[in-house]
Amino acid sequence: MALSNRQIAETIRHMGQLLEILGEESFKVRAYYRAAETILRQEKPLAEKTAAEMSRLPGIGKNIAAKIVELHETGRIREYENLRESIPAGLVELLELDGVGPKTVHKLWKKFGIVNVDELEAAARGHRLRSMRGFGEKKEAEIIRSIAHHRHRSGRMRRDQAEQVIDTVTAVLPPGSYTVAGSFRRGKSTVGDIDIVSVASPFTMNPLLSSVADEVIDEGERRTSIRVGARRVDVRFTDRAHFGSMLMYLTGSKLFNIHLRNIAQEQGCKLNEYGIEHLNTGEPFTFADEEAMFHHLGMDPIPPELREDTGEIECAQQHTLPSLVEPGHIRGDLHVHSTGSDGVLGIRDLARIGEQRGYEYILVTDHSASLGVAGGLDAHAVRRQLHEIEVANRDRGCHLLAGIEVDILGDGRLGLPDSVLQDLDIVVASVHSGLKQEQDIMTRRIISALHNEHVDILGHPTGRLLGRRPAFEVDMARIIEAAAETGTAMEINASPHRLDIDDIHVRQAKEHGVRMAISTDAHRKDDFANMRYGVAIARRGWCGRNDILNTKSLNELLEFIQ
DNA sequence: GCCGTTTTCGGCCCGACTGTTTTCAGTCG
């Protein structure tokens, strides 16, 4: 079977890591990493492209295209095999240690024969590293510390976990003295570390930061880094006159920053976190806010969620940035559970919560009975709930819509018969079982559900649980095509545990004219507030108000669904 | 390795901080 784009990207990335350990120049290494990024973002399988077509993609040239073709035709890349033979496999893991980069890995390997984390730890504890130039007591201690962190670290944080870290840190800071930047501000579904811009002086802030830190990694007048729990928090200090350029710098992404600096260079300027400087005249420009800096560069302000260097900079220059959906546009929730299945809220509770949130409608979507674990609704229970909803709707306020989250069974049939589904306002269909099916079977299974005339929304389309369970194998390009063809909406599940589908697929779906439903999948009251996470993902997927089903009024929604 | 309305060769973002340095390399974001 042809390799997936993800597998190809992993291979190219791994090649970059191996070259880095060998001591290849950084630009060549970066070229591999950049190519891997591009490959990940491709919608169509690269297997269908020729070398010439591939080399038209940004960051992929003749050489890497040839390697991908070789991989398709022979199942391997000769150069990659050679690299793997000459470099011990455990060395790549050493790159993941804080404070250990490619130069250090290379030296450890060549000078001490260290090829994995265990050997490095033994050498550091035995004080054997000190004979190496640039290594002393502190460096050894740092390595022992970062190995400990590495061992009990659990990857990136979910957004709700990131918020906990932010709350811990900002609880001791003066209100108004800080702004959270980084990937958190860009709305990413997971966050590596926390970046904060502070307009208060380091002399006031550093003691406060130390007081909440489990470890002070480094402390300076321009930047301080601390560890809170297992998480790194970086704080940059600035004054209000330079706030815009500092916030822009710290918000990133890295590729976005590099591209922006290239543009500044073309304009004869140097761009950094302190502003823009004209190289000829030496004239400095400072920016108190990001908007002013964008305008200086001749472009429209780019929302943080779009700053990934995937075309937004060109749009900003041509004044064609999309107008993105906002939290205030959301008029209802299209996936919530009640005590009818595994939720804790009664039908009337749902209506009350909807009213409190200012929603026009809430779609009640309990599980269908086929999902034994959740104690779902059978045909009889569906009719009983329909009646209950009807009664609740006699009170004015948030309108409850009758729906279901019906199982997509292993063979693509649904967990309830059409005779039941046809009485419901809106039907969400989701996969909950048989997650290990082979890709083609899973894909056809979902497509067959999309072709059921009663199915309106595909729930959590990849089934991923962030940090716990990967997305199941599915050909998303075919799913998106089928959704477009059948007029089925796709869910952006706003639970911070899911955020499914991800932003890359949202953008692909949007480009095919597929509508998205941003839904919380709420099981209890607090879950309704997760809507904001879903809106951020929609924005990262370039969605405007009209791309989102639940920005419609109740009447528009029902008309659209018919 | 990629890229190019000044370039097919010679560039490739820019700065903070640490440790072990007597002027800087390495790492990080």
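No hydrogens, no waters, no symmetry mates; every other heavy atom, side chains included, goes into these values. None of these values were measured; they are calculated from a predicted model.
Here the side chain of Gln265(A) is nearest to one of dC12(B), dA16(B), dG29(B), namely dC12(B). Ranking dT20(B), dC17(B), dC2(B) by closeness to the Arg223(A) side chain, first place goes to dC17(B). Checking dG19(B), dG1(B), dC14(B) against every side-chain atom of Asn272(A), the shortest atom distance belongs to dC14(B). Relative to the side chain of Lys138(A), the nucleotides dT20(B), dA16(B), dG1(B) differ in distance, and dT20(B) lies closest. Closest to the Ile64(A) side chain, of the nucleotides dC14(B), dA16(B), dG1(B), is dG1(B).
Remark: Asp193(A), Asp195(A) in residues 182-197 of chain A come within less than 4.0 Å of DNA chain B through at least one heavy atom. In the region residues 208-218 of chain A, proximity to DNA chain B at under 4.0 angstrom, judged on heavy atoms, holds for Asp218(A).
The interatomic distance linking Ile258(A) (CD1) with dG15(B) (P) rounds to 14 Å, in whole Å. Here the P atom of nucleotide dC12(B) and the NE2 atom of His259(A) are 16 Å apart, to the nearest Å. Here the C1' atom of nucleotide dG29(B) and the CZ atom of Arg227(A) are 14 Å apart, to the nearest Å.
A salt bridge between Asp502(A) and Arg540(A) is absent, with no side-chain N of the basic residue lying under 4.0 Å from a carboxylate O of the acidic one. Electrostatic pairing of Asp547(A) and Arg507(A) does not count as a salt bridge here, judged by no charged N lying under 4.0 Å from a carboxylate O. Under the 4.0 Å criterion applied to side-chain N and carboxylate O atoms, Glu481(A) and Lys44(A) are assigned as salt-bridge partners. Ionic pairing of Lys139(A) and Glu142(A) is present here: one or more N-O contacts between side-chain nitrogen and carboxylate oxygen are shorter than 4.0 angstrom. Taking 4.0 Å as the cut-off between side-chain N and carboxylate O, Glu163(A) and Arg532(A) count as a salt-bridged pair.
The phosphate of dC14(B) (OP1 or OP2) has no side-chain N or O of Lys254(A) nearer than 4.0 angstrom. One finds a side-chain N or O of Asn63(A) lying less than 4.0 angstrom from the OP1 or OP2 phosphate oxygen of dC2(B). Between Arg232(A) and dG29(B) there is a side-chain polar atom (N or O) within less than 4.0 angstrom of OP1 or OP2.
Glu140(A) comes within contact range of no nucleotide atom at all, as no heavy-atom separation falls under 4.0 Å. Nucleic acid contact for Glu137(A): sugar-phosphate only, since backbone atoms but no base atoms lie under 4.0 Å from a heavy atom of the residue. At a threshold of 4.0 angstrom between heavy atoms, the contacts of Leu95(A) with the nucleic acid are absent. Residue-level contact check: Glu25(A) touches the bases, meaning some heavy atom is under 4.0 Å from a base atom. Nucleic acid contact for Leu260(A): none, since no nucleic acid atom lies under 4.0 Å from a heavy atom of the residue.
For the P atoms, the distance from dT21(B) to dG26(B) is 13 Å, rounded to whole Å. Straight-line distance between the P atoms of dG10(B) and dG15(B): roughly 25 Å, to the nearest whole Å.
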Can you give the donor-acceptor pairs under 3.5 Å from side chains of residues 84-98 of chain A to other protein atoms, not counting sequence neighbours?
| from | atom 1 | to | atom 2 | distance (Å) |
| --- | --- | --- | --- | --- |
| Ser86(A) | OG | Asn82(A) | O | 3.1 |
| Ser86(A) | OG | Leu83(A) | O | 3.1 |
| Glu93(A) | OE2 | His150(A) | NE2 | 2.9 |

Table please: side-chain donor-acceptor pairs of residues 167-179 of chain A below 3.5 Å, with sequence neighbours left out.
| from | atom 1 | to | atom 2 | distance (Å) |
| --- | --- | --- | --- | --- |
| Thr168(A) | OG1 | Gln164(A) | O | 2.9 |
| Thr170(A) | OG1 | Ile166(A) | O | 2.8 |
| Ser177(A) | OG | Pro174(A) | O | 2.6 |

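With rounding to the nearest 0.5 angstrom, the CG atom of Leu71(A) is 12.5 Å from the CD1 atom of Ile64(A).
Under the 3.5 Å distance criterion, with hydrogens and angles disregarded, no donor-acceptor pair is assigned to the side chains of Tyr533(A) and Arg158(A). Using modelled atom types and a 3.5 Å distance limit, the side chains of Thr224(A) and Asn206(A) yield a donor-acceptor pair. Tyr33(A) and Glu20(A) share a donor-acceptor pair across their side chains, judged by distance under 3.5 Å alone. Defined by atom type and a distance below 3.5 Å, a donor-acceptor pair is present between the side-chain atoms of Asp239(A) and His242(A). The closest side-chain donor-acceptor pair between Asn530(A) and Ser495(A), if any, does not fall under 3.5 angstrom.
Taking a pair to require two hydrogen-bonding distances under 3.5 Å in either a Watson-Crick or a G-U wobble arrangement, dG29(B) pairs with dC14(B).
Judged by distance alone with a 3.5 Å cut-off, no donor-acceptor contact links the side chain of Tyr249(A) to the base of dG15(B).
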Do any N or O atoms of the protein come closer than 3.5 Å to N or O atoms of nucleotides 23-26 of chain B, and which pairs are they?
| from | atom 1 | to | atom 2 | distance (Å) |
| --- | --- | --- | --- | --- |
| dG26(B) | O3' | Thr104(A) | OG1 | 3.2 |

Close N or O pairs between protein and nucleotides 3-6 of chain B (under 3.5 Å):
| from | atom 1 | to | atom 2 | distance (Å) |
| --- | --- | --- | --- | --- |
| dC3(B) | OP1 | Gly59(A) | N | 2.8 |

